[in-house]
Chemist: 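This is the structure I want to talk about, given as structure tokens.
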Amino acid sequence: MYLWKRENGFTFQQRIPISFESQFGKSPIRVNLGPLSAASARKRAIILSGAAMQLMDDAQMTRETLIHSLRALNDELQTLSKRHYPLGLRATMARQEAKELEADGDHDAARYFREKAIKLAGEKASVEDFKQRLQTIVDALSKDSIAWEAERNTFETVVRTLGSMGAQAQSPQPIQQVEPIQLQSLEHRDERAVTPATKLSVAGRIVLKSRRDALDTGEVKKASRYEERLESTLQAFLDIVGDHSISYYLPLHLQDFATALGQVPANRSKFPIFKGLSLKQVVEKNERLPKGERYRHLAETTIKSHVHEIKMIWSKATASVKDAANFDNYNVTMPKAASASIDREALPAASINKWLADAARPELMKKPHKAWLPLLGYLTGMRLSEIVFLQSKDLVIIDGNEVFDLRLPLIIGGEKVPRPLKTKTSVRIVALHPLLRECGFIDFMKRQRGRDGFVFPRYHSAEDPADAAQKQQGNWMKALGIHVTQRQVFHSLRHNAKSWFRIHAGDTVADRQCGHAAKTVGAAYGFKSLEPEEVEKLMAMPHPRNIDFTPFINLCADR
């Protein structure tokens with residue numbers, strides 16, 4: 001679409017898309033818009049361009065009819081504003097004439113002018129409504145959509161240029177012929193195109209939407225935690241650095257982002273004191289608290305993850321933008337204010353024995369959804385999120401060995417649902433050590449007839465079953481005095497199990513049992529799931545050293 005100024009007003013030009021050249025020819029279509037302001041000419045051009053593209057879709061349309069239709073539409077638009085004021089004036093005059101006739105007693109004539117006034121007022125309202133709808137279309141095309149947001153700067157430049165050309169027309173100096181001004185080739189432009197003028201909020205969300213679409217399975221479900229994290233990371237960057245055009249940002253802004261995150265409290269969304277506050281307000285409120293009451297800052301590993309995610313979003317958003325800043329090779333210095341990273345540790349034998357002894361108490365076994373979890377976590381190495389989604393049907397026999405088959409989908413309401421697993425390598429077979437049968441868990445699992453077949457249905461009344469289980473187990477560990485924040489938690493049992501597997505079955509088998517990715521290309525070769533020989537090797541392992549399972553074994557024997 002092109003628009004330029006001549007002595008007799010503006011001229012609109014629409015090039016013919018290649019796909020329509022056989023129907024309409026290669027020569028562009030031109031329509032003289034007449035004397036208009038720069039802003040009006042721009043609006044008129046947008047409307048005509050949209051109409052032209054719609055008319056071209058008609059297989060019966062000819063070039064002559066297309067040009068005639070566009071000129072007729074322009075004439076209608078031209079007369080639209082001219083009709084508005086006279087209609088109002090004529091309606092007012094008709095009402096006045098009706099009043100005078102009524103005063104003279106000529107009620108029939110007065111009725112005629114009353115009806116005429118009503119008709120003219122209706123026409124005026126229709127014109128006003130049509131003008132308003134046209135303005136809404138123009139506003140939507142030029143301001144609100146992502147497609148036009150990317151080119152807003154271009155349009156603003158064009159309007160300024162057209163305005164200066166209008167000023168030249170009023171001066172006594174002769175007007176020079178000017179080159180056509182290209183606004184935008186609408187028919188060949190992807191609405192997701194990003195330019196240096198595009199704001200990061202727009203470009204970033206295009207990337208995130210594209211990612212969601214790629215992962216969409218067509219099922220109605222809430223966004224994954226990682227998707228929510230990406231959204232919150234982008235929003236945090238915009239809050240800290242600001243929402244600007246792509247051309248504004250420098251690699252140094254990554255450092256600004258990381259430095260600011262170093263003062264952000266960890267898990268801030270869980271604390272009522274920070275509810276409803278912006279990121280900046282959260283930091284300020286936390287710093288105003290007495291030193292001993294301040295909430296712990298984000299850890300270095302968390303900040304590194306946020307920086308990595310912004311780099312990923314930026315790289316994809318600016319892939320087609322020439323001269324955009326390169327974030328990939330910029331190394332961020334971790335802020336001193338950040339909390340030191342905490343490595344999870346395996347639980348000491350004394351803590352595990354205390355936990356298992358408490359779990360095997362008859363009173364606690366009345367809450368099987370709580371009592372069985374630590375035993376199951378230790379002997380299988382499964383994640384808590386994998387345990388709470390176990391269904392009775394997942395206990396299967398493969399080559400004569402009882403295993404959990406996490407390759408199977410969940411069955412909920414009679415329909416197959418993808419199992420929520422963390423990684424691709426989490427899709428696996430889990431070998432079951434004989435201790436699970438000796439302690440009574442296998443028999444317990446076979447007896448379960450819970451809602452939708454879940455072994456631990458109590459957790460599934462919560463919106464996030466895994467989170468509900470995590471909180472319950474964490475509170476239990478705190479009550480027993482075996483919890484160390486972020487260091488010794490339920491997930492620590494996975495560390496204990498991995499060490500046990502590694503010692504007696506080797507790294508490769510331990511990785512496959514726990515669903516960890518292979519460390520080398522060579523280790524990734526072979527079958528993805530445990531082979532029967534590997535299952536048997538895990539089942540034949542000696543009991544973990546210094547761990548006392550007798551509370552469960554004795555409880556099972558008493559039944």
Side-chain angles (χ1 to χ4, degrees), residues 207 210-217 224-227 229-230 233 299-316 319 326-332 334 341-346 377-387 389 394 396 398-399 401 403-409 418-433 491-541:
V207 170
S210 177
R211 184 181 184 280
R212 286 196 302 273
D213 290 345
L215 299 175
D216 184 17
T217 60
S224 69
R225 287 188 175 184
Y226 187 64
E227 288 172 355
R229 178 185 171 90
L230 289 176
T233 297
E300 290 181 4
T301 50
T302 303
I303 296 174
K304 287 177 182 178
S305 295
H306 285 307
V307 170
H308 173 74
E309 287 154 8
I310 284 297
K311 283 185 175 182
M312 181 272 290
I313 293 171
W314 176 265
S315 177
K316 292 185 177 182
N326 182 3
F327 283 9
D328 291 340
N329 300 322
Y330 187 82
N331 292 321
V332 171
M334 283 296 106
S341 299
I342 296 177
D343 293 326
R344 288 198 178 102
E345 301 172 347
Y378 190 107
L379 295 179
T380 64
M382 292 171 66
R383 299 177 179 90
L384 187 55
S385 59
E386 296 169 344
I387 293 174
F389 279 97
D394 297 332
V396 300
I398 297 180
D399 292 310
N401 300 314
V403 297
F404 291 154
D405 193 346
L406 303 187
R407 301 170 302 181
L408 301 174
R419 186 181 295 272
L421 296 174
K422 186 175 181 181
T423 63
K424 289 182 179 180
T425 52
S426 301
V427 182
R428 67 193 190 280
I429 288 173
V430 177
L432 306 180
H433 193 274
H491 193 81
S492 296
L493 293 172
R494 192 163 154 84
H495 289 256
N496 290 91
K498 185 69 178 285
S499 178
W500 180 39
F501 301 148
R502 186 188 296 117
I503 291 169
H504 298 288
D507 286 333
T508 301
V509 174
D511 285 342
R512 290 182 181 174
Q513 169 76 358
C514 293
H516 285 144
K519 305 299 185 296
T520 65
V521 174
Y525 272 63
F527 295 101
K528 302 303 179 185
S529 296
L530 293 170
E531 284 292 284
E533 295 83 356
E534 294 171 323
V535 171
E536 291 165 5
K537 181 182 286 190
L538 289 164
M539 293 176 66
M541 294 189 306

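Computed from heavy atoms alone, side chains included, the values below leave out hydrogens, waters and symmetry copies.
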Chemist: I'd like to know whether NE2 of H308 has more than 12 heavy-atom contacts from other residues, nucleotides or ligands below 6.0 angstrom.
Modeler: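 Result for NE2/H308: open.
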Chemist: Tell me, please, which residues at least two apart from T423 pass side chain to side chain donor-acceptor pair (under 3.5 Å).
Modeler: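 Residues passing side chain to side chain donor-acceptor pair (under 3.5 Å) with T423: T425, S426.
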Chemist: Can you find a heavy atom in the side chain of D405 that is under 4.5 Å from one in the side chain of D394?
Modeler: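 Not in contact.
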Chemist: For residues L530 and Q513, report the shortest heavy-atom separation together with the two atoms involved.
Modeler: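 The answer is CD1-OE1, 3.3 Å.
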Chemist: Please determine whether the number of non-hydrogen atoms from other residues, nucleotides or ligands lying under 6.0 Å from atom CG of N331 exceeds 12.
Modeler: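 Counting other residues, nucleotides and ligands, CG of N331 stays at 12 neighbours or fewer.
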Chemist: Hey, what's the ring geometry for W314 with F327, parallel, tilted or perpendicular (30° and 60° as the breaks)?
Modeler: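 W314 and F327: parallel rings.
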Chemist: Shortest non-hydrogen contact from F501 to M541?
Modeler: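 Scanning both residues completely, I find the closest heavy atoms to be CD2-CE, 3.4 Å.
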Chemist: What's the spacing between T233 OG1 and H306 NE2 if we round to 0.5 Å?
Modeler: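 Reported value, rounded in 0.5 Å steps: 4.5 Å.
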Chemist: With a 4.5 Å limit on heavy-atom distance, are the side chains of E533 and K537 in contact?
Modeler: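 In short, these two side chains do not touch, never coming nearer than 4.5 Å.
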Chemist: Please indicate whether K311 has more than 12 foreign heavy atoms, meaning atoms of other residues, nucleotides or ligands, lying under 6.0 Å from its NZ.
Modeler: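 Yes, enclosed.
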Chemist: Would you say the side-chain atoms of S499 pair up with the backbone N or O of H495, donor to acceptor, closer than 3.5 Å?
Modeler: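 Here the side-chain-to-backbone pair does not exist.
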Chemist: Rounded to the nearest 0.5 Å, what separates atom CG in D399 from atom CG in N401?
Modeler: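 Separation between the atoms: 7.0 Å.
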Chemist: Say you draw a straight line from CZ of F404 to CD of E386; how long is it, rounded to the nearest 0.5 Å?
Modeler: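 Answer for the CZ-CD pair, F404 versus E386, is 11.0 Å.
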Chemist: Shortest non-hydrogen contact from S529 to R407?
Modeler: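 Closest heavy-atom pair between S529 and R407: OG-CD, 3.7 Å.
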Chemist: Evaluate the criterion side chain to side chain contact (heavy atoms under 4.5 Å, CB included) for residue pair S305 and R229; output intermediate values, then yes/no.
Modeler: CA-CA 10 Å; S305 295; R229 178 185 171 90; 2.9 Å; yes
Chemist: Of V403, L493, V430, which is the lone residue that meets side chain to side chain contact (heavy atoms under 4.5 Å, CB included) with T380?
Modeler: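 When side chain to side chain contact (heavy atoms under 4.5 Å, CB included) is applied between T380 and each of V403, L493, V430, only V430 qualifies.
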Chemist: So does D511 pair up with R502, basic N to acidic O under 4.0 Å?
Modeler: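 A salt bridge is absent here (no side-chain N lies under 4.0 Å from a carboxylate O).
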Chemist: For the atom pair CD1 (I398) and CD (E531), what is the distance rounded to the nearest 0.5 Å?
Modeler: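 The CD atom of E531 is 10.5 Å from CD1 of I398, to the nearest 0.5 Å.
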Chemist: Could you measure the distance from the CD atom of E345 to the NE2 atom of H491? Nearest 0.5 Å is fine.
Modeler: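 Here the interatomic distance stands at 13.0 Å.
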Chemist: Step by step, would you call E227 with R211 a side chain to side chain contact (heavy atoms under 4.5 Å, CB included)?
Modeler: CA-CA 9 Å; E227 288 172 355; R211 184 181 184 280; 3.6 Å; yes
Chemist: Of all heavy-atom pairs between H433 and L538, which one has the smallest distance, and what is that distance?
Modeler: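 It is CD2-O, 3.4 Å.
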Chemist: On a heavy-atom basis, which atom in G377 and which in A497 lie closest, and how many Å separate them?
Modeler: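 That would be O-CB, 4.3 Å.
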Chemist: Would you find a donor on one side and an acceptor on the other, under 3.5 Å apart, between the side chain of R419 and the backbone of V427?
Modeler: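 No; judged by distance alone, with no hydrogens or angles, the pair does not exist.
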Chemist: Please tell me if the side chains of R512 and R428 come closer than 4.5 Å, counting only heavy atoms from C-beta onward.
Modeler: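 No, too far: nothing below the 4.5 Å cut-off.
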Chemist: What pair of heavy atoms forms the shortest contact from L421 to L406, and how long is it?
Modeler: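 Heavy atoms only, the tightest pair is CD1-O, 3.7 Å.
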